[in-house]
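Everything on this sheet refers to the single structure shown next.
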Amino acid sequence: MSEKTTELKWPATKVRETFVDFFMSKEHTLLPSFSVIPKDPSPLFTQDGMDLETIKQHDKELKRACYYQKCIIAAHEELESVGTLNYPHTFFEMLSNWSFGDYFKKEAIEWAWELLTKVYRILTDQIYVSYFGGDSESGLQVDEETRDTWLQFLPPERVLPFGYRDNFWEMGGTSSMCGPYTKVHYNRLANQDAASLVNKEDQISCIEIWNLVFIQLEKDSNGSLKPLPTKYVSTRMNLERLTSVLQNRITSYDTDIFLPIYDHIHKATGIAKYDGQMGYVTDAYRVVADHLRTMSFAIADGLRPGDAGREYALRRVFLQAVRCGMQFLGGKEGFFSGVASSIVGEMGGAFPELKAHEETISKTIQQEEAVFCKIMVTETFKDLAILLWYSRDAFTMLLAEITSISPSCVIHEEYGRLSKLLRLIKCLASHSETRTSLIKASIQSYLYLYIQQRSTNLTTSIVQRHCLDILFLLLKIDDIKSLLESGIIEVCIHAITDGSTRGLDDRVVEVALSILKSILKNQGGFAYITSEEERFLEVFAGLATVINSKLACQQTKRVNAVIECYLLLSKDKRACEALVMHLPVSLGTFRAQIRKGANTSAVESLNKLLHNVKEAGP
C-alpha cells in the first residue's frame, strides 16, 4: 500500500473523466447522475444505473447519452460481505453509455474495445468476452453479430458462448423489453488460460468489468417474444472494478477510491495504518469507508435513517459501520461524521450534491451516532430499548459479536468484550418483550456453546455463569416449549455434573439447579421431563452427582436445590419409584448426613420427600 495516489497513472477521478470524455467525443450527451432513491417504490435504491424510461423522460429527442451513476445495494448479503470479500460494496458507481435507436452492436463493441485497449491501455491478451450462444427452449438464436464483431479483435478461444442465465437480459415484470448481452472480463492470471473462469463467481482471477446490453426484443404477458421497433444499447461498467484493474490491485478496496478515507480513519483514531492484510482491522476499515459513502450519498439525495423500508435499510448500514468502527478501530462519537466529511471532500467535485448538502449529511450522522455510540458503551436496559427501537437488527448485531469469539478459547483480551456483550443480552432477557425476541433469535444456542466448554479456567467459569443467568431469565416466558426442545435441560445437567465432579464455580452449579427447579415448577416443563424415561433418568443421574459429592454436606445451597428438585419430581408416582430405585445412597442415610451438617432446611425438605415416597408406595 506504499504507492501514493498522486503518482498513480490512473486515479479514479481520471478513470471516470476519461470515460465521459471518450463518449462525449462520440457525440453522446452527458447526463447527471440520477438520485439513488428511485421513483419506483419496489426497489429500495437505484442499483445498476438509470432505466430507459427515466432517460427518455429527460430528453425525448436524445439519441446518445453517457453518465456516471451512483448506485446502492444494501441487502443483507452485501452487508455481510463488505470488507471480507474483494468487491462487494453497498455504494458504487456505474459508467454507462446509451443508444436510443441510433448505433447498435457493431459500434458499441468497437468503441468498447477502443476505450479499453487504446485509451485505458489494458493488455489485449488479458481480455475475454462472453456472448449469448442461443437458447433452444425459448427459440432464441445465437447472437452472431456480437460474436463476429468480437472475433475481429480476439481469438475464438477468448470469445465464449453462454446461455440464457448468463448472457440474456430482461427488464423484469410480466411484459418487458429484453435482449442478449455481452460481457467483458479481465484475466489477472498472466500467461494462463482463464476460459474456465469466465462468468464464474471467482472475482479475483477473472473479473467482469463491463457488460453491453442489446435491447432488441419485447416479451409479452404470455412469454412470447417479438422484435422491438426501436433498438437500444445500454452498457454498464463498474468504476470500482475498472479502477482496480488499471491500478493493478486485487481488490477495489486497495485503490485510491478508498485510501484517502483510510488515511482520515487512521489520523482520527490512531489505529495502525491500513495495510490490506486480511483481518478484523482491515475489514473494519473497509466497512466504515464503504458504509459512510452510502450514508453520505443517500442523505444528500434526501433519505434519512428510519424504521421501515429504505430508511431502515440505511439505518442498518450505519449500525454496521458503528459496530465495526467502535469495536475494531476505536472510533468514538464524532468519528463517523468526520469520516463522512472526508468523503464529501474527496467526491464532492464529481458529485456537487454532496457539497451542497454537506451540513445536512454531517448533522444527520451526528444524530445517529449520538444514539448508537451511547448504546455501544452502556449496560442499562433503558438505552438498549432505544437501540431496539432504532434497529430490528440489534439481536443480530449482538449475536454476531458473540460468535466472533471462539468458545473454546475465551482469551483474556476477548473476555472484556464478551462479558460486556453478555451483560447487554442479560438486560434484554430481563424484559418480557425482548425476551421472546431473543428466544426467536435462538440466543440459547449460542449460550450453550460457552456453557458446554470443559475448563477449570476462571474466565470460562465467569462466562458460563453469565450464560446461565441469561438462560434463567429466559425461563420467564409463558411458553417454554421451544426453550426445552433446544436442549436447556441437557446443558444444565452438564453444568451440574461438571460442577460437582470438578469443583467449578459454585454460582455456575447453583444457577443450573435453579433453572432445572424452575422448569420442574412449570407444568409444561414437568411434563417434558417426566414424559420420556431416558430424559427422566438423565435428570436423576445429574442430581445424584451433587449428593454423591464428598463435599455434599458442606454445600448447603446445592443440596437444598437438589432436594427441592427431587421433591418436585416426587409429585409423580413413577418419579417416586425411580427415586427409590436410582438414588445412589438411601434417603435415610443422606438425611443423617445433612443433619450432622446442620442443614435444617434440607432436612425439612427431605422429610417431605420421604413422606411423598412413602405415600406413593405400593
- [ ] Assess whether side-chain contact (heavy atoms from CB on, under 4.5 Å) is satisfied between Leu212 and Phe214, documenting all intermediate values.
- [x] CA-CA 7 Å; Leu212 293 75; Phe214 305 121; 4.0 Å; yes

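- No more than 12 heavy atoms of other residues, nucleotides or ligands lie within 6.0 Å of CG in Asn248, so this atom counts as exposed by the packing criterion.
- Distance check, rounded to the nearest 0.5 Å: CG of Asp256 to OG1 of Thr243 gives 7.0 Å.
- When each of Gln367, Glu359, Gln366 is tested with Lys363 by the rule side-chain hydrogen bond (donor to acceptor under 3.5 Å, both in side chains), just one qualifies, namely Glu359.
- A ring-centre distance under 6.0 Å is found for Trp10 and Tyr120.
- Here the side chains of His28 and Trp111 are in contact, with some heavy-atom distance below 4.5 Å.
- Among all heavy-atom pairs drawn from Ser176 and Glu170, the shortest one is OG-OE1, 4.2 Å.
- Of the options His89, Glu240, Arg241, a side-chain hydrogen bond (donor to acceptor under 3.5 Å, both in side chains) to Ser252 is made by His89 and by none of the others.
- Using a 4.5 Å heavy-atom threshold, the side chains of Cys66 and Met24 count as touching.
- Here the straight-line distance linking atom SG of Cys178 with atom CG of Leu228 works out to 7.5 Å at 0.5 Å rounding.
- The backbone N or O of Pro180 sits nowhere less than 3.5 Å from a side-chain atom of Asn167 that would complete a donor-acceptor pair.
- Between Tyr285 and His266, the ring center distance fails the sub-6.0 Å criterion.
- A donor-acceptor pair is defined here as one N or O able to donate and one able to accept, closer than 3.5 Å; no such pair exists between the side chain of Arg249 and the backbone of Thr255.
- Of the possible polar contacts, one joining the Thr269 side chain to the Ile265 backbone as a donor-acceptor pair under 3.5 Å is found.
- At distances below 3.5 Å, at least one donor-acceptor pair connects side-chain atoms of Thr46 with backbone N or O atoms of Ser35.
- When all heavy atoms are compared, the tightest approach of Val36 to Cys71 is CG1-N, 4.5 Å.
- The 12-atom threshold is not exceeded at CZ of Arg121, counting heavy atoms of other residues, nucleotides or ligands nearer than 6.0 Å.
- The pair Lys106-Glu110 meets the salt-bridge criterion, since a charged nitrogen lies less than 4.0 angstrom from a carboxylate oxygen.
- Using a 4.5 Å heavy-atom threshold, the side chains of Val184 and Ile127 count as touching.
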Open item on the list: Quick one, Tyr253 with Tyr262, criterion ring pair (Phe, Tyr, Trp, His ring centres under 6.0 Å). Give me CA distance, side-chain angles, the key distance, then yes/no.
Closed with: CA-CA 10 Å; Tyr253 284 109; Tyr262 299 155; 7.6 Å; no

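- Contact check for Val233 versus Trp98: no side-chain heavy atoms found under the 4.5 Å cut-off.
- Taking every heavy atom of both residues into account, Leu292 and Ala340 meet most closely at CD1-CB, 4.0 Å.
- Salt-bridge formation is not detected for the pair Glu311/Arg304: no Lys NZ or Arg NE/NH1/NH2 atom is positioned less than 4.0 Å from an Asp or Glu carboxylate oxygen.
- Contact of the Ile257 side chain with the Glu346 side chain is not registered, since no non-hydrogen atoms from C-beta on lie closer than 4.5 Å.
- Remark: Glu208 CD to Asn199 CG distance equals 7.0 Å, nearest 0.5 Å.
- Contact check for Arg286 versus Thr251: side-chain heavy atoms found under the 4.5 Å cut-off.
- Atoms CZ and CZ, from Arg310 and Phe45 in turn, are 7.5 Å apart once rounded to the nearest 0.5 Å.
- Looking at Arg315, its side chain does come within 3.5 Å of a backbone N or O of Gly306 through a donor-acceptor pair.
- The aromatic ring centroids of Phe132 and Phe162 lie 6.0 Å or more from each other.
- Phe104 CZ to Ile215 CD1: the interatomic distance, rounded to the nearest 0.5 Å, is 8.5 Å.
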Task: Working for ring pair (Phe, Tyr, Trp, His ring centres under 6.0 Å), residues Phe297 and His357 - done: CA-CA 10 Å; Phe297 277 91; His357 298 283; over 10 Å; no

TODO: Step by step, work out the side-chain contact (heavy atoms from CB on, under 4.5 Å) result for Val213 and Thr235.
DONE: CA-CA 6 Å; Val213 181; Thr235 85; over 6 Å; no

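- Under the 4.5 Å side-chain criterion, counting only non-hydrogen atoms from C-beta, Thr230 is not in contact with Phe100.
- In terms of heavy-atom proximity, Leu239 sits nearest to Ala12 at CD1-O, 4.1 Å.
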Task: Steps toward side-chain contact (heavy atoms from CB on, under 4.5 Å) verdict (Leu160, Tyr131) - done: CA-CA 6 Å; Leu160 307 172; Tyr131 68 95; 5.6 Å; no

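- Ring to ring, Trp113 and Phe153 are close: their centroids are under 6.0 angstrom apart.
- In this structure a side-chain-to-backbone donor-acceptor pair under 3.5 Å is present from Gln69 to Phe34.
- Between Tyr274 and Phe258, the gap from one ring centroid to the other reaches at least 6.0 Å.
- Across every non-hydrogen atom of Thr182 and Ser130, the tightest pair is OG1-O, 2.6 Å.
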Open item on the list: Walk me through whether Ile361 and Ile343 qualify under side-chain contact (heavy atoms from CB on, under 4.5 Å).
Closed with: CA-CA 11 Å; Ile361 294 170; Ile343 291 169; over 6 Å; no

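- Between Gly276 and Asp254 the shortest heavy-atom distance is CA-OD1, 4.3 Å.
- The backbone N or O of Glu369 sits nowhere less than 3.5 Å from a side-chain atom of Glu333 that would complete a donor-acceptor pair.
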Open item on the list: If you apply the rule side chain to side chain donor-acceptor pair (under 3.5 Å), what do you find for Asp166 with Tyr181, and how did you get there?
Closed with: CA-CA 9 Å; Asp166 292 302; Tyr181 67 99; over 6 Å; no

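- Here the CG-CD distance, from Leu259 to Gln247, works out to 7.5 Å after rounding to the nearest 0.5 Å.
- Side-chain contact between Asp290 and Phe92 is absent, with no heavy atoms from C-beta onward closer than 4.5 Å.
- No side-chain donor-acceptor contact under 3.5 Å links Tyr68 to the backbone of Phe19.
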Task: Stepwise salt bridge (Lys or Arg N to Asp or Glu O under 4.0 Å) check, Lys70 with Asp301 - done: CA-CA 11 Å; Lys70 50 197 178 185; Asp301 281 351; 3.1 Å; yes

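- Applying salt bridge (Lys or Arg N to Asp or Glu O under 4.0 Å) to Asp102 and the options Lys63, Arg64, Lys231 leaves one that passes, Arg64.
- Judged by the 6.0 Å distance and 45° axis criteria, Arg293 is not positioned over the aromatic ring of Phe91.
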